[in-house]
Amino acid sequence: MRKTKWASHKFSADETNARHIWRRAEIERSEIVQALKSCDHFMSRDDMHKRLDRRLDAIERSMTRAQSIFPDVEESFTVAKMTVTL
């Protein structure tokens, strides 16, 4: 296992904020996946699609905002990598 450049990195306030935005967007994406497993039966299919599109657009805007603050935000959560040879 080898450490990445993020293993002992001291994050600035902007980088910490970007990581928070990114993490919240990932949580929202996971919640959508869970919600799709038990969606509201009283909404029409078109309404469900519209609601999903709005949420995914909001998530993408959040992720774009986080990357504009801290371009490596997505990779900053990986502190070590390992290669497995079979």
Side-chain angles (χ1 to χ4, degrees):
M1 189 174 305
R2 68 176 180 82
K3 292 182 178 179
T4 68
K5 67 180 183 178
W6 307 108
S8 59
H9 181 76
K10 181 70 177 165
F11 293 102
S12 70
D14 280 346
E15 290 172 339
T16 301
N17 183 40
R19 286 167 50 91
H20 175 73
I21 293 167
W22 188 271
R23 193 175 309 117
R24 188 173 57 228
E26 286 290 332
I27 289 168
E28 288 182 21
R29 186 182 298 271
S30 294
E31 289 172 349
I32 287 172
V33 170
Q34 291 300 317
L36 288 173
K37 292 178 184 176
S38 61
C39 58
D40 184 357
H41 296 289
F42 300 106
M43 292 178 67
S44 71
R45 183 181 183 94
D46 288 337
D47 288 340
M48 286 184 195
H49 281 285
K50 288 175 190 173
R51 178 176 277 182
L52 178 59
D53 284 340
R54 284 194 307 267
R55 290 305 314 139
L56 290 174
D57 288 345
I59 289 169
E60 288 174 2
R61 282 193 303 272
S62 293
M63 291 177 136
T64 300
R65 188 169 134 236
Q67 284 181 317
S68 71
I69 296 169
F70 178 27
D72 289 336
V73 67
E74 184 174 9
E75 290 82 23
S76 74
F77 293 96
T78 305
V79 294
K81 290 186 176 183
M82 182 171 64
T83 303
V84 178
T85 317
L86 300 177

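For reference, positions follow the sequence shown, starting with 1. All heavy atoms count here, side chains included; hydrogens, waters and symmetry mates do not.
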- Task: Taking all heavy atoms of F11 and all of T16, pick out the closest pair and write down the distance.
- Result: CB-OG1, 3.6 Å
- Message: For residues 62-74, which residue pairs pass the side-chain hydrogen bond (donor to acceptor under 3.5 Å, both in side chains) check, not counting sequence neighbours?
- Response: K5-D72
- Identify, with sequence neighbours excluded, every residue that meets side chain to side chain donor-acceptor pair (under 3.5 Å) alongside D47. S44
- H49: side chain to side chain donor-acceptor pair (under 3.5 Å) partners, not counting sequence neighbours: none
Sequence neighbours excluded and cut-off under 3.5 Å, please list the side-chain donor-acceptor pairs for residues 20-30, or say none.
| residue | atom | partner | partner atom | Å |
| --- | --- | --- | --- | --- |
| H20 | NE2 | R24 | NH1 | 3.1 |
| E28 | OE1 | R55 | NH2 | 2.4 |
| S30 | OG | E26 | O | 3.2 |

- Between CG of L56 and CZ of R61, what distance do you get to the nearest 0.5 Å? 10.5 Å
- Pairs involving residues 10-19, ordered by first then second residue, that meet salt bridge (Lys or Arg N to Asp or Glu O under 4.0 Å) (sequence neighbours left out): none
- Query: Do D57 and E60 pass the side-chain contact (heavy atoms from CB on, under 4.5 Å) test, and can you show the C-alpha distance, the side-chain angles, and the key distance before you say yes or no?
  - Reply: CA-CA 5 Å; D57 288 345; E60 288 174 2; 4.2 Å; yes
Listed pairs under 3.5 Å, donor-acceptor, residues 79-86 side chains, sequence neighbours left out:
none

